[in-house]
Amino acid sequence: MSENLTITSIIPKKGMDIELDIESLAFGGMGISKINGKIIFVKNAIPDQRVLARITKKRKSYFEARKLSVIKESNFYTKPTCIHFNDCGGCSFQNLNYKNQLHWKQQQINDLYNKMGNFKNIKSKPIIACQNQYNYRNKMEFSFSNKRWILNENDSGESKNFALGLHVSGRYDKILNIDNCDLQINICNDILNLIKIECLKHKIEPYDIKKHTGFLRHLMIRSGIATNEIMINFITSYEKTTLLKPIATKLFSKFSEIKCIVNNINTKKADIAFGEWEINLAGNNIIIDKIGDYEFEISANSFFQTNTLQAEVLYNVIKEECNLKGNEIIYDLYSGIGTISIFLSKYVKSIYAIELIETAVNDAKKNAKRNNIN
């Protein structure tokens, strides 16, 4: 039986239950507590909380713990929007108000310079807040699994052998079946649910991450925030378009926003939503989105900033901080589909965009041409 201890003179050890005051927030979202000079990282705990936590791991210079209950709630607590927040590995800060999130992220940046980098008295400029806390992501990657995460002993009704959703925090092999993700735009949740219904109806086998069997691996949904164009990308373990064609046809007829449905095939064991080759199932192979005045063609495997509106804010900061005069030569390293290069092109003499992924390079060339940039 675990001990329930509040005496601060005790030395933490694995398996111990202990009351902790959360002092700050670590990179990645863990609360930080200190006891007798020992640092304890507490999962899902936020600053100003007092929690009962169980020590789960002992490292060389710190401990890890998981929160069992909240003894005193934080003044910075806010009720999570998502009902799956405590189980899903997708979000870390929904229970911490946004202003305080920015405060601690700012502190983490300063610590990187001053503590880890050994610079002296460096203070970063204030973080520019995002206009939208939710429904801002233009890309979400969901996973199929034949091992659905069981939420509680009364969990019933849904198939335990099929899940489409996000990973449970800390588990590579368990998927939380979800119907709604507040990070993507609402229509994408409707699409997610229809795909789930159709896959179950057609009895298409989800992938087993341990045995490396099954067909459906991942589902990627991309949306053009400025254009409302949507891409659906099925990542499967082998090629068999006859299984996906009926679903693609139904999706294409039901949602006019869908402009592109593709199938990427990943035959390797690596659990990534990236294909070795791609098959078109319906519509185009790309969608269009905009950053500022520029349009960009986006293919399934190309990198595009996941927060379109905040990307424009970021690129304007780059332009301002560089104080461009028009005679500069700029190198855009890891340039992706060329968004920064194209955005800055009219302010400089020339830009060299450097990128490894061939599909992204091809998209960058098309995007330059699309925006009449030489």
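Note that this is a predicted model, so its numbers are computed, not measured.
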Query raised in the report: Do the side-chain N and O atoms of Q107 and D111 include a donor-acceptor pair separated by under 3.5 angstrom?
Result: yes
Requested in this report: Decide, yes or no, whether a salt bridge links K196 with D179 under the criterion of side-chain N to carboxylate O below 4.0 Å.
Outcome: yes
Query raised in the report: Is there a donor-acceptor contact under 3.5 Å from the side chain of Y315 to the main chain of T339?
Result: no
Requested in this report: Would you indicate whether Y98, at its atom OH, is surrounded by more than 12 heavy atoms from other residues, nucleotides or ligands within a distance under 6.0 Å?
Outcome: yes
Query raised in the report: Is there a side-chain contact between N228 and I187 (heavy atoms, below 4.5 Å)?
Result: no
Requested in this report: Please report the shortest heavy-atom distance between N307 and N138, naming the atom on each side.
Outcome: N-ND2, 4.0 Å
Query raised in the report: Are the side chain of N264 and the backbone of E278 linked by a donor-acceptor contact shorter than 3.5 Å?
Result: no
Requested in this report: Compare every heavy atom of S223 with every heavy atom of C188, then report the nearest pair and how far apart it is.
Outcome: SG-CB, 4.2 Å
Report summary line: Which of I209, D208, I175 passes side chain to side chain contact (heavy atoms under 4.5 Å, CB included) with N146? It is D208
Query raised in the report: Taking side chain as C-beta onward, heavy atoms only, is Q108 less than 4.5 Å from L112?
Result: no
Query raised in the report: Does the side chain of H212 come within less than 4.5 Å of Y207's, by heavy atoms?
Result: yes
Query - Parallel, tilted or perpendicular, as decided by the 30° and 60° cut-offs, for the rings of F304 and F296 - result: tilted
Query raised in the report: Does N135 offer a backbone N or O that forms a donor-acceptor pair with the side chain of N132 under 3.5 Å?
Result: no
Query raised in the report: Can you find a pair of side-chain heavy atoms, one from Y77 and one from I46, that are under 4.5 Å apart?
Result: yes
Query - Charged N-O contact under 4.0 Å between D173 and K210 - result: yes
Query raised in the report: In this structure, which one of L25, N95, N100 forms a side chain to side chain contact (heavy atoms under 4.5 Å, CB included) with F76?
Result: N100
Requested in this report: Decide whether I191 and I185 are clustered together by the hydrophobic rule: side chain heavy atoms of Ile, Leu, Val, Met, Phe, Trp, Tyr closer than 4.5 Å, transitively.
Outcome: yes
Query - Non-hydrogen side-chain atoms of F274 and N233 separated by less than 4.5 Å - result: no
Requested in this report: Calculate, to the nearest 0.5 Å, the distance between atoms CG and SG belonging to L176 and C88 respectively.
Outcome: 5.5 Å
Query raised in the report: Can you tell if the side chain of I373 reaches within under 4.5 Å of the side chain of Y294, non-hydrogen atoms only?
Result: yes
Query raised in the report: Is a side-chain donor or acceptor of T306 paired with a backbone partner of K139 at a separation under 3.5 angstrom?
Result: no
Requested in this report: Mind running side chain to side chain donor-acceptor pair (under 3.5 Å) on T81 and D182 for me, showing each step along the way?
Outcome: CA-CA 8 Å; T81 301; D182 294 311; 5.1 Å; no
Query raised in the report: So, N280 side chain and N284 main chain: donor-acceptor pair closer than 3.5 Å or not?
Result: yes
Query - S124-N110 side chain donor-acceptor pair, cut-off 3.5 Å - result: yes
Query raised in the report: Between N327 (side chain) and K349 (backbone), is there a donor-acceptor pair under 3.5 Å?
Result: no
Requested in this report: Inspect the contact between K43 and E64 and indicate whether a charged nitrogen and a carboxylate oxygen are less than 4.0 angstrom apart.
Outcome: no
Report task. Test F142 against I178 for side chain to side chain contact (heavy atoms under 4.5 Å, CB included), laying out the working first. Result -> CA-CA 10 Å; F142 301 99; I178 65 172; 3.8 Å; yes
Report task. Calculate, to the nearest 0.5 Å, the distance between atoms CD and CG belonging to E355 and L333 respectively. Result -> 10.5 Å
Report summary line: Closest heavy-atom pair, S302 versus R222, reported as atoms and distance to 0.1 Å, is O-NH1, 2.9 Å
Requested in this report: Go through the steps to decide whether H167 and S143 satisfy the test side chain to side chain contact (heavy atoms under 4.5 Å, CB included), and finish with yes or no.
Outcome: CA-CA 7 Å; H167 282 271; S143 295; 3.7 Å; yes
Report summary line: To the nearest 0.5 Å, atom CD1 of I272 lies from atom CD1 of I235 at 10.0 Å
Query raised in the report: Going only through I, L, V, M, F, W and Y residues with side-chain contacts under 4.5 Å, is there a path from V42 to I18?
Result: yes
Query - In one Ile/Leu/Val/Met/Phe/Trp/Tyr side-chain cluster, 4.5 Å: I258, L164 - result: yes
Query raised in the report: Can you get from F41 to M116 by hopping between Ile, Leu, Val, Met, Phe, Trp and Tyr side chains that sit under 4.5 Å apart?
Result: no
Query - Non-hydrogen side-chain atoms of L194 and L251 separated by less than 4.5 Å - result: yes
Query raised in the report: Is any side-chain heavy atom of I22 less than 4.5 Å from a side-chain heavy atom of S74?
Result: no
Query - Residue list, salt bridge (charged side-chain N to carboxylate O under 4.0 Å, His left out) with K201, at least two apart or on another chain - result: E198
Query raised in the report: Going through the distances and angles, do I32 and E23 end up as a side chain to side chain contact (heavy atoms under 4.5 Å, CB included)?
Result: CA-CA 6 Å; I32 299 177; E23 301 173 13; 5.6 Å; no
Query - Side-chain donor-acceptor contact under 3.5 Å, N263 with T241 - result: no
Report task. Measure from the side-chain N and O atoms of E239 to the backbone N and O of I265, and report whether any donor-acceptor pair falls under 3.5 Å. Result -> no
Query raised in the report: Out of R370, K369, K365, which residue meets the side-chain hydrogen bond (donor to acceptor under 3.5 Å, both in side chains) rule with E297?
Result: R370
Query raised in the report: Can any side-chain N or O of S335 pair as donor or acceptor with the backbone N or O of I354 at less than 3.5 Å?
Result: yes
Report task. Kindly determine whether I330 and L324 satisfy side chain to side chain contact (heavy atoms under 4.5 Å, CB included), including the steps that lead there. Result -> CA-CA 10 Å; I330 285 183; L324 301 170; 4.0 Å; yes
Query raised in the report: Should we say atom NZ of K250 is surrounded by more than 12 heavy atoms from elsewhere, each under 6.0 Å from it?
Result: no
Report task. Would you indicate whether K72, at its atom NZ, is surrounded by more than 12 heavy atoms from other residues, nucleotides or ligands within a distance under 6.0 Å? Result -> yes
Query - Under 4.5 Å side-chain linkage, directly or through intermediates, the cluster mates of V317 - result: I128, V313
Query raised in the report: So, does E328 use its side chain to make a donor-acceptor pair with the main chain of K325 at under 3.5 Å?
Result: yes
Query - Shortest non-hydrogen separation from C181 to N189 and the atoms involved - result: N-OD1, 2.8 Å
Report task. Please list all pairs passing the ring-ring contact (aromatic ring centres under 6.0 Å, His included) test where one or both residues lie in residues 215-258, with sequence neighbours left out. Result -> F215-Y238
Report task. May I ask you to check whether over 12 heavy atoms, not counting those of N121, lie within 6.0 Å of atom CG? Result -> no
Query raised in the report: Short question: side chain of K245, backbone of L281 - any donor-acceptor pair under 3.5 Å?
Result: yes
Query raised in the report: How many angstroms lie between OG in S299 and CD1 in I337, if you round to the nearest 0.5 Å?
Result: 7.5 Å
Query raised in the report: Can you tell me how far CE of M140 sits from CG of L192, rounded to the nearest 0.5 angstrom?
Result: 9.0 Å
**Report entry** Which atom of C199 lies closest to which atom of L216, heavy atoms considered
**Finding:** SG-CD1, 3.8 Å
Report task. For atom OH of Y134, decide whether the heavy atoms of other residues, nucleotides or ligands shown that lie under 6.0 angstrom number more than 12. Result -> yes
Query - L96-L20 co-clustered via ILVMFWY side chain contacts under 4.5 Å - result: no
Query - Approximate separation, where rounding is to 0.5 Å, of N301 CG and E276 CD - result: 11.0 Å
